[in-house]
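Each remark here refers to the structure printed beneath this line.
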Amino acid sequence: MAYSEKVIDHVENPRNVGSLDKNDPSVATGMVGAPACGDVMKLQIKVSDQGIIEDAKFKTYGCGSAIASSSLVTEWVKGKSLEEAATIKNTDISAELELPPVKIHCSILAEDAIQAAIADYKSKQAK
Amino acid sequence: MRYFELFNIPVDYHVDLAKINQQYLELQRVVHPDRFAGKGEREKLLAVQKTAEINDALSILKHPVKRAEYMLSERGVDIRAEQQTLQDPIFLMQQMEMREALEELPQSDDVEAAIEQFEQQIKALDVEFSQQLAQQLSSDNEQDLQLAADNIRKLKFVYKLRDELARIEDNLFD
């Protein structure tokens with residue numbers, strides 16, 4: 001199965017790979033996994049006092065589509081408010097990356113990762 | 001459960017693979033096409049169907065994840081086609097760390113010892129989840145079945161680690 005040029009670009013030049021300091025109270029982490037293929041994705045966001053995502057990093061062990069989906073999401077969420085970031089849908093990701101139907105679960109993983117990171121931020125703030 | 005009955009083994013997640021293989025040979029012998037050479041079309045067709053069923057049963061009974069999913073679906077919880085993600089931060093963090101360690105494994109001072117140690121870690125996880133699964137799958141309690149489903153999902157990550165380790169070994173020693 002051929003990857004789209006956009007997927008190949010993200011795999012060859014992944015954006016925002018790495019980690020943020022998880023002990024920083026403004027940093028939240030979303031951890032998700034896809035049992036079907038064993039992919040593991042970590043997505044971290046750094047949120048300003050105004051609720052704007054200032055930075056995002058990811059680390060993904062998985063196929064090219066999973067790497068591209070998480071790389072794309074880190075680009076998209078930067079500069080967005082938490083509310084805006086929460087509206088990102090897997091269909092937006094799969095459309096942008098032209099993912100074939102068998103790889104839709106990779107975009108679902110990325111959507112769930114951002115949702116998990118936002119939920120983690122909210123629970124950290126509530127403490 | 002039909003597949004367990006077909007192979008005449010107890011309905012238990014822990015199976016005796018030698019017994020399964022032995023029963024398979026026996027079942028195959030009974031439905032072998034040669035025995036139906038002179039028989040009517042109906043008998044031949046039935047034998048072919050039986051052969052397919054025996055082969056399906058074998059592949060499911062032998063494979064730990066397929067066997068668990070089969071047992072769970074027979075108890076009314078079917079997770080075989082799910083696309084759902086797993087969100088268990090502690091387990092996933094451990095998986096992430098293990099994948100990182102695996103990535104760095106080829107640079108170890110003593111690669112063979114590192115592989116050996118990693119195999120032991122995978123084995124320990126496998127044993128832990130399998131033992132829990134065996135208990136949960138023998139229960140009729142809905143909560144236990146949901147726990148079993150979660151354990152099956154986790155087991156898939158453990159087998160992924162094993163596949164990745166095998167891939168790294170192939171690259172190193174070929």
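Predicted model only: the values in this text are computed from it and were never measured. Letters A, B, ... mirror the listed sequences (proteins, then strands); counts begin at 1.
Around atom NZ of B/Lys62, no more than 12 heavy atoms belonging to other residues, nucleotides or ligands sit under 6.0 Å away. In B/Gln146, the CD atom is crowded: over 12 heavy atoms of neighbouring residues, nucleotides or ligands sit closer than 6.0 Å. Applying the 6.0 Å contact sphere to CD1 of B/Ile90 captures no more than 12 heavy atoms from other residues, nucleotides or ligands. Crowding of B/Glu112 atom CD: a count of heavy atoms from other residues, nucleotides or ligands under 6.0 Å not exceeding 12. Enclosure of atom CD in B/Gln143 is not indicated, since only 12 or fewer non-hydrogen atoms of other residues, nucleotides or ligands lie within 6.0 angstrom. No more than 12 heavy-atom neighbours from other residues, nucleotides or ligands sit within 6.0 angstrom of NZ on A/Lys122. Other residues, nucleotides and ligands place no more than 12 heavy atoms under 6.0 Å from the CD atom of B/Gln117.
Rounding to the nearest 0.5 Å gives a distance of 10.5 Å between CD of B/Gln94 and CE of A/Met31. Atom CG of A/Asp112 and atom CD of B/Gln87 lie 5.0 Å apart (nearest 0.5 Å). Note that CD of B/Gln83 and CD1 of A/Ile104 are 8.5 Å apart. Values are rounded to the nearest 0.5 Å. From A/Thr60, atom OG1 reaches atom CE of B/Met96 across 6.0 Å, with rounding to the nearest 0.5 Å.
Across B/Leu92 and A/Gly33, no two heavy atoms sit closer than the pair CD1-N, 3.7 Å. Looking at every heavy atom in both residues, B/Arg99 comes nearest to A/Gly38 through NH1-O, 3.1 Å. Closest heavy-atom contact between B/Phe157 and A/Asp39: CE2-O, 3.4 Å.
Note: B/Thr85 leads B/Thr85, B/Ile79, B/Ile152 in heavy-atom pairs under 4.5 Å with chain A.
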Step-by-step side-chain contact (heavy atoms from CB on, under 4.5 Å) determination, A/Tyr61 to B/Glu164: CA-CA 11 Å; A/Tyr61 285 97; B/Glu164 287 293 301; over 6 Å; no
